[in-house]
Every structure is written in structure tokens, then in C-alpha cells.
Amino acid sequence: MAEIVLDHVTKRFPDGALAVNDVNLTIADGEFVILVGPSGCGKSTTLNMIAGLEDISDGQLRIGGEVANQKTPRDRDIGMVFQNYALYPHMSVRENMAFSLKLAKEDPAKIKERVEWAAGILDLTPHLDRKPAQLSGGQRQRVAMGRVIVRTPNAFLMDEPLSNLDAKLRVQMRTEVSRLQKRLGTTTVYVTHDQVEAMTLGDRVAVMRGGEIQQVDAPEVLYDTPTNLFVAGFIGSPAMNFLPGKASGRVLKTALGDLRLPADRSRGLDGGERDVIIGIRPEHFEDAALIGTEKRDRGATIKAKIDLLESLGSDKFAYFTVQSERATAKHLEELAADAGTGDLGSGEEGVQVTARLDAASTAAEDQELEIWVDLEKLHVFDPESGENLTLGDAAKTNGSEAKTTVQRAVPATAENAEPTDQPETE
Amino acid sequence: MRSTPRQKLGWGIANVVVLVIAAVPVLWLVSLSFKDPSTLTDGSFYPKKWTFENYRGIFDQPLFTHALVNSIGIAIIATVLGVTFGAMAAYAVARLEFGGKQLLIASALLIAMFPPIALVNPMFNLWRQIGLFDTWPGLIIPYMTFSLPLAIYTLSAFFREIPWDLERAAALDGATPLQAFRSVIVPLAAPGIFTTAILVFLYCWSDFVFAISLTSTNNARTVPAAIAFFTGASQFQQPTGSIAAAAVVITIPVAIVVLLFQRRIVAGLTAGAVKG
């Protein structure tokens with residue numbers, strides 16, 4: 001087990017393409033860090049560089065304090081779970097798991113003991129003598145995990161290990177992975193494009209875009225205080241609603257009406273007039289009828305006709321249209337392109353807004369509804385740089401150093417008052 | 001789609017026709033080899049007078065027995081060398097980026113396209129000067145050269161089929177590139193290696209052009225060349241029976257090899273490696 005440090009790590013492919021650009025990340029011993037981002041953001045390349053499967057063009061990689069740039073995968077002593085499992089098809093489950101120990105010339109009795117221990121943890125004992133072809137998808141996935149845990153490597157690397165499983169199994173294996181990591185306490189770097197996996201699994205999540213880390217933080221911090229439009233739009237499902245607007249002082253002129261920001265959320269606004277993009281998460285809307293007067297005062301109320309209502313039992317999703325231009329920014333275009341929604345909705349008929357209402361709401365389709373917006377949770381972004389202006393200066397620092405400062409900027413609400421369980425980084 | 005009885009009948013007839021067309025010449029050869037010399041030309045498909053004389057005759061001749069040993073030895077050595085070098089080259093072609101890769105592929109194709117007969121004359125002269133004429137290496141070298149393109153092309157196709165992640169997994173499990181090649185790639189490419197080996201073996205086994213031109217004695221003469229030197233019992237007798245018997249004898253090892261490895265060739269060994 002070891003700490004992994006990426007120090008200004010850059011990957012430039014021979015054709016000149018810059019896959020990873022100046023990434024700084026310190027993964028503490030025993031920490032579970034997620035690299036998340038849309039396809040092509042460099043997350044897998046970063047993982048492969050840690051594994052030693054890709055050369056590092058520039059910068060330094062340190063594993064357990066030692067520079068590992070020139071080390072072969074074999075000398076780095078790292079275990080990796082591949083997206084397609086990469087089990088050796090001609091070997092039984094037992095041989096698959098024993099392969100690394102055999103190569104390390106371990107004592108046969110010890111190999112047997114370790115393999116059986118790993119099989120016990122992963123419920124693979126009855127399948128030890130089968131070939132991978134005879135196993136189900138979930139079992140193959142567990143063999144891939146088993147192959148990694150039989151030895152005690154410096155770190156586990158996982159490259160979208162659950163993406164080939166069907167939805168139900170994926171949720172089950174997600175908790176399994178989390179439990180296993182906690183039990184073994186091994187430093188883990190996990191790559192995924194699924195923000196739900198990222199939010200649920202990691203001690204910390206690094207959001208990547210175009211080869212650069214946008215923000216590294218605990219999942220709750222990432223969700224509540226995204227440093228820019230990209231992170232805000234990427235994390236959260238359904239996604240944050242974005243609307244263009246004009247700020248003058250603390251007042252935002254938007255299609256939802258004139259919104260007056262609370263003092264502590266307008267630090268990044270210098271008082272002058274400027275174009276902004278506002279972001280509101282679906283759950284920060286509420287049926288105004290269900291809001292007490294005291295809470296009502298810290299927000300604004302708007303009237304909207306509900307186009308579509310989806311009731312999930314626990315919540316209701318209300319979709320309504322706001323007469324407005326579509327918010328345009330580079331970050332948002334990238335997100336739309338990744339989600340494949342870039343060409344959806346021309347914007348001529350306005351912008352669709354998603355609101356997550358309490359199940360007790362009496363909202364109905366094609367009916368006007370008074371909707372309350374929580375202004376204390378509203379985000380204001382710069383359309384050019386994508387920077388989150390509500391955070392003030394705190395957002396400008398990047399990487400792990402930003403963690404403490406960002407956390408101070410979070411209003412102490414009930415959801416994030418709990419201390420996040422994460423080891424200290426140096 | 002389920003086939004109707006009519007379709008089944010149609011396909012059955014078509015299969016029988018193809019089988020008959022393919023099998024008749026072989027069966028005829030077998031029949032000839034069992035015929036007594038006096039009934040050779042009686043025009044009957046079945047031997048009217050059975051005899052093993054032809055077989056006994058050829059195994060009594062040092063011309064044939066030496067040739068058989070030469071054939072087996074030369075073909076096996078050429079196959080082993082060709083497949084080994086072919087596998088290494090094919091692995092490089094399939095997996096690595098290196099300067100001159102296109103040149104290698106192109107020149108391999110060029111060799112495959114080159115008519116061997118055009119090389120016979122210069123090689124005859126060269127081999128005589130450097131002492132390779134009428135020796136085993138003298139045949140093994142051209143066989144290897146001409147079978148390498150085939151080996152490289154088939155094997156690189158097989159190697160490409162093997163997911164690269166398997167090698168990466170092996171590397172992370174602590175295998176050196178050689179260990180990964182030996183314990184992961186080669187076992188998985190086994191069907192491809194067997195297929196290639198059989199093809200290369202068949203080529204070496206049945207070659208006539210080099211065998212007849214680059215040998216002069218029992219030292220290195222292989223069976224296809226030796227058959228041409230068969231003579232009848234007297235100058236008035238055709239050696240047809242002996243030739244037929246020799247042809248049957250040299251077909252047997254090939255048939256055995258193909259039957260033995262047929263299952264391995266067909267087996268899809270990579271099933272279950274990755275999600276499929």
C-alpha cells in the first residue's frame with residue numbers, strides 16, 4: 001500500500017495530441033479516488049500511466065515516495081481491473097488468480113491459501129475450477145477483482161470495471177467494490193464515466209475535462225460547490241438547469257424574473273453589469289405551497305405551466321418551459337456533445353427546466369404552478385471562463401490544495417455538515 | 001430458419017456430388033496401388049486381383065525409404081523454424097509500431113507472389129558453390145523462406161484477435177514480455193499456430209520444384225522428387241502401381257495430422273476472455 005503522487009504529469013501522443021495536460025493529484029495511502037469525465041477526457045490515459053502501460057511524456061509519478069516513471073508495470077506492483085476483465089481464457093479461475101503469485105515464485109502452499117482466501121471473500125469458492133467462459137458476467141467481474149486482491153499490491157487501479165454489467169448487477173457490485181476497498185484499505189484509483197458511480201464510491205472525485213483536472217473534492221463538496229460550469233453540469237442527475245442572465249450588482253435578470261442573490265453568494269460579482277449563466281439544481285425548486293414563510297423569504301417564487309410531470313413515488317419531476325435563450329458556453333457544448341443531446345431542442349420554444357418537487361405537491365400537467373427557487377443554492381457562472389462566481393476566489397485554485405478553502409465556502413446546511421470521512425493528504 | 005425436407009434433400013444431393021468429385025481421384029489412386037501390374041489397365045474401378053506387391057516393392061527400394069526419411073525430416077524442421085520465426089514476426093506486426101513495418105509486410109507479400117521457379121536456376125548455381133546442393137539445409141532454407149509470408153499473414157491475423165488487455169493484464173500481474181507471450185499469447189493462439197503449421201507442413205511436404213532441382217542423390221531427395229525416378233520391374237513395365245502406392249503412403253501422415261488437429265483448429269479458444 002502506498003501513496004500515489006502525480007506531479008505535473010503530461011501525456012502527449014506521438015501524433016501531437018495532448019491527452020493529459022499537467023495533472024497534479026495526490027492520492028493518499030488507503031484513499032479511494034475516482035477519475036470521472038466524458039469519453040476522451042484523459043482519465044483512462046492517466047490510469048494507464050499510473051499502471052505503467054503508457055509512458056509519461058512529462059512530469060513525475062511517485063508511488064510510495066519512489067519515482068516510478070521508468071519502472072515497468074511489474075516493478076510498480078500494482079493491480080488493475082480492466083473494463084473487459086481480461087481474464088486468461090485458457091486458465092481456470094484458480095489459475096487466473098494464482099498467475100501473479102506464480103510469477104512471483106511464491107510458495108505453492110501460500111498461493112493456495114491466498115487464492116482460497118480471495119475466493120472466499122468474493123464468493124467464488126464453488127467456481128475455482130471453472131474456466132472463464134463458463135461464468136456469468138458478474139462472476140467474471142469478481143474473478144478480475146480476485147486476481148488483483150490475491151497479492152497485496154501498492155494500489156488497485158480500476159478501469160470502468162462495472163460498465164459491462166447490467167444495471168441491477170452494477171448497483172450490487174458497486175457496494176461490493178466499496179466494501180472490499182474499505183476492508184482491505186488499499187489505495188484505489190477508479191476510472192468511470194458514470195457520475196453516479198463516482199459520487200457513491202469515492203472518498204474524493206477528480207472531474208476531468210480535455211486532459212485537465214477541473215476539480216478534486218469529496219463527492220458532496222463537488223455537488224454543492226462546483227468550481228465551474230463543466231463540473232456543475234457533469235455531476236448530478238438529472239442535470240443542473242442552466243439559464244442565461246444579466247447580473248447587475250446582486251440582482252440577476254433572468255427569464256425566471258429578477259433574482260436577488262444573498263450576500264455570501266455574490267462575492268464573485270463585482271457589482272458591475274455582466275452576462276452570466278445561472279445554474280439551479282432540480283431539487284432546489286419546490287412547490288411554493290409546501291414552503292414555510294420563513295424559508296420562502298430566502299428564495300424567489302415564479303409561476304410556470306407544467307408541461308410534463310413524472311411521479312416517481314418518492315418525488316415528482318416537473319418539466320416546464322421558460323421563455324429564454326439557451327445558455328451557451330463552451331463547457332455546456334462539451335457536456336451536450338458527450339451526452340448526445342447537442343442537437344436536441346432548437347431553443348426557439350424556450351428552455352426546458354427540470355424541477356424536483358416533493359411527492360406531496362399537487363402539481364398537475366398543463367396547470368400553472370407557483371414554484372419556489374432556493375436562491376441560497378443558486379450558482380452563477382461566467383459564460384466565458386465557466387468559472388463559478390458564487391464561490392468568489394476560493395474556486396480559482398485547483399486540485400487538492402483547493403479542498404480546504406472550498407469547504408469553508410460551503411454554507412453549513414444539514415446535508416453537508418457531516419464531516420466527510422477522508423484521510424488527510426499531504 | 002428451419003429448412004424444409006425439400007431443402008435438406010437438395011443440400012444432401014449437392015454434398016454427395018461434391019464428395020464424389022473430390023474423392024474419386026483419391027480412391028482411384030488407392031485402387032491402382034492395390035492392383036496387380038497385369039490388371040493395371042483393365043479399366044475397372046475395383047482391383048480384380050488384389051496385391052500388396054506395390055507397397056512391398058517401394059519399401060524395398062532405398063530410393064523410396066531414404067526419400068521418406070528426408071521428406072519427414074526436412075518438412076518438420078522447416079515447419080518448426082518457419083512457424084517459430086513467423087510467430088515472432090507476426091507478433092511484432094500485430095502488436096508493435098516500428099520503423100519499416102510496412103516494408104516488412106510488403107516484402108513478405110512480395111515473396112509470396114514471387115514465382116519459385118524463377119529462383120531455381122540461380123539457387124542451383126549458388127547452392128553448388130556454397131556446398132548446400134543436395135543437403136537438408138539446402139531445401140529447408142527455401143521452404144522456410146517461401147512459407148514465412150504465409151505464416152506471418154495467418155498468425156498476425158490470429159494475434160490481432162487476442163485482446164490486447166490480456167497482455168496488459170499479464171504485465172500488471174508481473175510477467176515479463178516473454179513470459180506474457182509464452183503463457184498467455186501462445187496458448188491462446190494455439191489454433192492459429194496449428195493451422196499455420198499444417199499449411200506450412202503441407203507446402204514443404206508436397207513441393208516438387210525445389211526438391212527436383214536442388215537434389216541429386218538419396219542424400220536429400222524427398223518423396224515427390226523420388227517418385228519421378230521410379231522405374232518398372234523391367235523396361236517394358238510402367239511403374240504406375242509403385243507411384244500410386246508411394247502417393248498413398250505420403251498422403252497418410254498428412255491425413256493423420258489434419259485429423260488430429262482438426263478439433264484444435266476449429267475450437268474457439270478465446271471464448272470467455274472478455275465479455276462477449
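Proteins get letters first, then strands, A, B, ... in listed order; numbering begins at 1 in each.
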(request) Count the heavy-atom pairs under 4.5 Å between each of A:Pro73, A:Ser100, A:Gly79, A:Ala104 and chain B, then report the option with the highest count. (result)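 With the most close heavy-atom pairs to chain B, the winner is A:Ser100.
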Are the side chains of [Y] and [X] in contact, using a 4.5 Å heavy-atom criterion?
| X | Y | value |
| --- | --- | --- |
| B:Leu172 | A:Arg74 | no |
| B:Trp164 | A:Leu53 | no |
| A:Phe99 | B:Ser183 | yes |

(message) So, taking the atom named CG in B:Leu166 and the one named CG in A:Leu87, what distance separates them when rounded to the nearest 0.5 Å?
(response)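 Going from CG on B:Leu166 over to CG on A:Leu87, the span is 8.0 Å.
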(message) Measuring from atom CE of A:Met91 to atom CG of B:Leu188, what distance do you get when rounded to the nearest 0.5 angstrom?
(response)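 With rounding to 0.5 Å, CE (A:Met91) is 8.0 Å from CG (B:Leu188).
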Does [X] have more than 12 heavy atoms from other residues, nucleotides or ligands lying within 6.0 Å of its [atom1]?
| X | atom1 | result |
| --- | --- | --- |
| B:Trp11 | CH2 | no |
| A:Gln60 | CD | yes |
| A:Arg12 | CZ | no |
| B:Lys101 | NZ | yes |

(request) For A:Ser57, check side-chain hydrogen bond (donor to acceptor under 3.5 Å, both in side chains) against everything at least two apart and list the hits. (result)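 So A:Ser57 forms no side-chain hydrogen bond (donor to acceptor under 3.5 Å, both in side chains) with any residue.
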(request) Tabulate, in ascending numerical order, the residues of residues 41-51 of chain A having at least one heavy atom closer than 4.5 Å to a heavy atom of chain B, or enter 'none'. (result)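 Listed by number, the contacting residues are A:Asn48, A:Ala51.
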(message) If I measure from the heavy atoms of chain B, does A:Arg76 come under 4.5 Å with its side chain, its backbone, both, or neither?
(response)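 Contact with chain B: none, neither part.
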